Amino acid sequence: MSKLDISIPEVSIREIRLGSITGYQGSAKGLVNESGCGGLKNRDRKFQQCAGCSISKAACMVTLIQDAAVIIHGPVGCASCLHEFNFTYYVNAKPRRGIDNPTQRKIFSTNLKETDTVYGGARKLAKAIREVNERTNASAIFVLSSCASAIIGDDIESVANEAEEEIGKPVVAIYCEGFRSTVWTTGFDAGYHGIVRKLVKPPVKKDNGLINVINFWGSDVFTKWFEPFGVKPNLITPYSTVEGLAHASEATATVQICPTLGSYLGAALEQEYGVPEIRTAAPYGIIQTDRWFRELGKLLHKEDVAEQVIKEKKEQYLPKIEELRKRLKGVRAYVTAGSAHGHALLNIVGDLGMEAVGASVFHHDPTYDGGDGAADLLERRVRDYGDVPNYNVCAKQEFEFVNVLNRIRPDILLARHGGITLWAAKLGIPSLLVEDEQANMGYEGLISYGEKIVETLENTEFIENLSKHASNPYTEWWMNEQPDTFLKEAKTEVI
């Protein structure tokens, strides 16, 4: 892998850095083979229904830092969807970090107007930084770019650096405007790029009892898992503090729940500060959970502890998993999620004895920033459980998703993101949405998820009634077309 360039303010986008794609129709095995031989080519679309904006992905990492403030440098509409993170912080702060009185998130907009797009918004941004500092006394201020500020060419980095000298606190420019990348997860990379550049400090001393865990805001399973090894998790970045992030360089290792989320930060911490990254894919499903604990034990030089943990957990949980397998054998499941979590759900489907009849994921990374194939959960899934037909990389294109779902008619839809399950309901297909990605991890998570699937399949009356009265906005013509109708032929090179 090429070296990450932390010295520049703008992160290299995934299309260039990793060769990521957003258009593919085929099978999981075919995609793995094309990725492995270096022949993977993206298929652009002649028509798109929607697109994901990188701003929200960068914001979901930085707005949940306890003592930080965020300024969206753009029209106020670009910040209008970020209020949801205030709710997320409030709901999860206590169970995740024991925060009894969670504070309102500090999210602001420079509210660029038409005249600002003519004369520039740099002065407006500088004034906003001063005002936000006075009003919030935040320990760090993040400035997120928007399409408007990028088009007019505002030098956000220079304004941020001047303001940093003036107020004596980190002011971090994050370049995450929507048109910068077609791969929505570049927003995660942009947020972490700014954090590594401006917040993480060189280690004063290594802490052998601390492991960085790059994750979202779901339940914490790692504190309990790490106890037998004598270490504790440093959960980042949601609910971190600016000071806590500064010491991420002192951890003994880094693990991540999802390479789609944390590939960049894990690689950057290893490259810049020598914090080794556990490269094996996250622990979803029995086989991968075994691998993950063994890799953790190897890194900590506690292989015997890892084997004991695996033995005890299997004795406790395998009988229940076997019961679930009997109940779910032959159930045809379709999966939709972001790339890595989609692969994780396919692992769970395989372990529960279900048949994976297809998947719709939002993008595909043929490689990861750490440069190790062990992080490729899709490749492991194909090797461990077999191929997945009807594998669609669709960049959130619901018209393709509905077309495939209507053709396959699975017994159940398993989803990671809200809003998608509605389409299955309209077709009378039972669906399960579990947004807490960590609740599905390990042996315990396999049981929890399996029980939810059983419950979903046993309670279908509402879905059946809804489908009788729901209307489909897509025409009969489209529902009879091939789902890859609007996918162009693959380019000769990824640019």
Side-chain angles (χ1 to χ4, degrees), residues 28-29 32 213 215 218-222 224-229 255-259 278-300 302-333 335 337 340-357 359 373-388 412 414 416 432 434 436-457:
K29 185 176 181 180
V32 167
V213 178
N215 63 355
S219 55
D220 170 24
V221 300
F222 293 96
K224 187 175 181 179
W225 284 2
F226 285 170
E227 281 179 1
F229 297 91
V255 302
Q256 49 184 296
I257 64 149
C258 168
I278 296 181
R279 301 193 196 283
T280 192
Y284 291 95
I286 295 173
I287 300 173
Q288 191 55 40
T289 298
D290 289 351
R291 288 192 188 110
W292 189 86
F293 274 111
R294 287 184 175 124
E295 192 67 23
L296 178 64
K298 181 180 178 181
L299 188 140
L300 297 174
K302 295 184 178 181
E303 291 91 339
D304 56 334
V305 175
E307 293 301 327
Q308 184 62 28
V309 168
I310 292 171
K311 179 176 180 293
E312 291 176 357
K313 286 185 176 291
K314 284 189 171 181
E315 289 175 352
Q316 181 178 359
Y317 297 115
L318 281 187
K320 180 62 176 178
I321 293 173
E322 189 57 39
E323 291 179 17
L324 288 167
R325 284 172 177 164
K326 293 176 181 178
R327 300 181 69 177
L328 295 171
K329 183 179 180 180
V331 172
R332 301 168 66 252
V335 165
H341 197 69
H343 308 159
L345 290 178
L346 289 170
N347 266 18
I348 293 173
V349 167
D351 254 325
L352 291 174
M354 304 165 70
E355 179 188 357
V357 295
D376 189 346
L377 193 53
L378 183 62
E379 186 273 337
R380 293 294 175 101
R381 199 284 172 192
V382 171
R383 186 199 308 176
D384 294 337
Y385 304 99
D387 196 9
V388 180
I412 190 169
L414 306 178
R416 162 75 172 91
L432 174 61
V434 178
D436 184 351
E437 66 291 325
Q438 286 157 174
N440 309 333
M441 282 183 160
Y443 313 95
E444 306 95 318
L446 190 61
I447 292 173
S448 173
Y449 202 73
E451 289 175 342
K452 290 183 174 69
I453 292 173
V454 170
E455 182 180 356
T456 301
L457 291 170

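None of the values given here were measured: they were computed from a predicted structure. The chain is numbered in sequence order, starting from 1.
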Q.
Applying ring pair (Phe, Tyr, Trp, His ring centres under 6.0 Å), can you list everything that pairs with Tyr449, at least two apart in sequence or on another chain?
A. none
Q | Set of ring pair (Phe, Tyr, Trp, His ring centres under 6.0 Å) partners for Phe226, sequence neighbours left out | A | Phe222
(Q) When you compare the side chain of Pro283 with that of Met441, does any pair of heavy atoms fall below 4.5 Å? (A) yes
Q: Starting from the C-alpha separation in whole Å, work towards a yes-or-no answer on side chain to side chain contact (heavy atoms under 4.5 Å, CB included) for Asn347 and Arg380.
A: CA-CA 9 Å; Asn347 266 18; Arg380 293 294 175 101; 5.8 Å; no
Q: Examine the side chains of Ser448 and Lys452 and answer whether a donor and an acceptor come within less than 3.5 Å of each other.
A: yes
(Q) Tell me if the aromatic rings of His341 and Tyr284 count as close, with their centers under 6.0 Å from one another. (A) yes
(Q) Within the structure provided, determine whether Leu328 and Leu457 are in side-chain contact (heavy-atom separation under 4.5 Å). (A) yes
Q.
Between Arg279 and Glu295, does any NZ, NE, NH1 or NH2 come within less than 4.0 Å of an OD or OE carboxylate oxygen?
A. no
Q) How about Lys302: does its NZ atom have over 12 heavy atoms from other parts shown lying under 6.0 Å from it? A) yes
Q) Quick one: does Trp292's side chain get under 4.5 Å of Ile287's, heavy atoms only? A) no
Q. According to the salt bridge (Lys or Arg N to Asp or Glu O under 4.0 Å) rule, which pairs have a member within residues 340-357, sequence neighbours left out?
A. Arg325-Asp351
(Q) Less than 4.5 Å apart, side chain to side chain, heavy atoms only: is that true for Leu345 and Asn440? (A) yes
Q | Nearest heavy-atom neighbours spanning Val382 and Ala28 | A | CG2-CB, 3.9 Å
Q.
Lys313 vs Glu444, test: side chain to side chain contact (heavy atoms under 4.5 Å, CB included). Steps then yes/no.
A. CA-CA 9 Å; Lys313 286 185 176 291; Glu444 306 95 318; 2.7 Å; yes
Q: Could you check Lys326 against Glu322 for salt bridge (Lys or Arg N to Asp or Glu O under 4.0 Å), going step by step and ending with a plain yes or no?
A: CA-CA 6 Å; Lys326 293 176 181 178; Glu322 189 57 39; 5.4 Å; no
(Q) For Arg416 and Glu437: C-alpha separation, side-chain torsions, deciding distance, then whether salt bridge (Lys or Arg N to Asp or Glu O under 4.0 Å) applies. (A) CA-CA 8 Å; Arg416 162 75 172 91; Glu437 66 291 325; 2.8 Å; yes
Q: Identify the heavy atoms of Ala375 and Pro259 that sit nearest to each other, and give their distance.
A: O-CG, 3.9 Å
Q.
Less than 3.5 Å apart, any donor N or O on the side chain of Asn215 or Gln438 sitting next to an acceptor on the other?
A. yes
**Q.** CG-CG distance between Leu352 and Leu324, expressed to the nearest 0.5 angstrom
**A.** 6.0 Å
Q: Please name the pair of heavy atoms, one in Lys314 and one in Asp290, separated by the smallest distance, quoted to 0.1 Å.
A: NZ-OD2, 2.7 Å
Q. Is the number of heavy atoms from other residues, nucleotides or ligands under 6.0 Å of Arg327 CZ greater than 12?
A. no
Q: Give the C-alpha distance, both sets of side-chain angles, the deciding distance and a yes or no for side chain to side chain contact (heavy atoms under 4.5 Å, CB included) between Phe229 and Val309.
A: CA-CA 9 Å; Phe229 297 91; Val309 168; 4.3 Å; yes
Q.
Using every non-hydrogen atom in the two residues, find where Tyr385 and Ile286 come nearest and quote the distance to one decimal.
A. OH-N, 4.2 Å
Q: Please assess Glu307 against Lys311 for the test salt bridge (Lys or Arg N to Asp or Glu O under 4.0 Å), listing each intermediate value before the final yes or no.
A: CA-CA 6 Å; Glu307 293 301 327; Lys311 179 176 180 293; over 6 Å; no
Q. Between Met354 and Ile453, is any pair of side-chain heavy atoms under 4.5 Å apart?
A. yes
Q: Compare all side-chain heavy atoms of Thr280 with those of Gln288 and state whether any distance is below 4.5 angstrom.
A: yes
Q.
Under 3.5 Å, is there a donor on one side chain and an acceptor on the other for Gln308 and Glu312?
A. yes
Q | Lys/Arg-Asp/Glu bridge criterion (N-O < 4.0 Å) met for Asp384, Arg291 | A | yes
**Q.** Ile447 vs Tyr317 side-chain heavy atoms within contact, under 4.5 Å
**A.** yes
Q.
Looking at every non-hydrogen atom in both residues, tell me the closest pair between Ala333 and Val349 and how far apart they are.
A. CB-CG2, 4.1 Å
Q: Output the distance between atom NZ (Lys29) and atom CG (Asp387), rounded to the nearest 0.5 Å.
A: 6.5 Å
Q | Gln256 vs Val213, side chain to side chain contact (heavy atoms under 4.5 Å, CB included): CA-CA, chis, key distance, verdict | A | CA-CA 5 Å; Gln256 49 184 296; Val213 178; over 6 Å; no
(Q) Tell me the closest heavy-atom pair linking Leu346 and Ala359, and the distance in Å. (A) CD1-CB, 4.2 Å
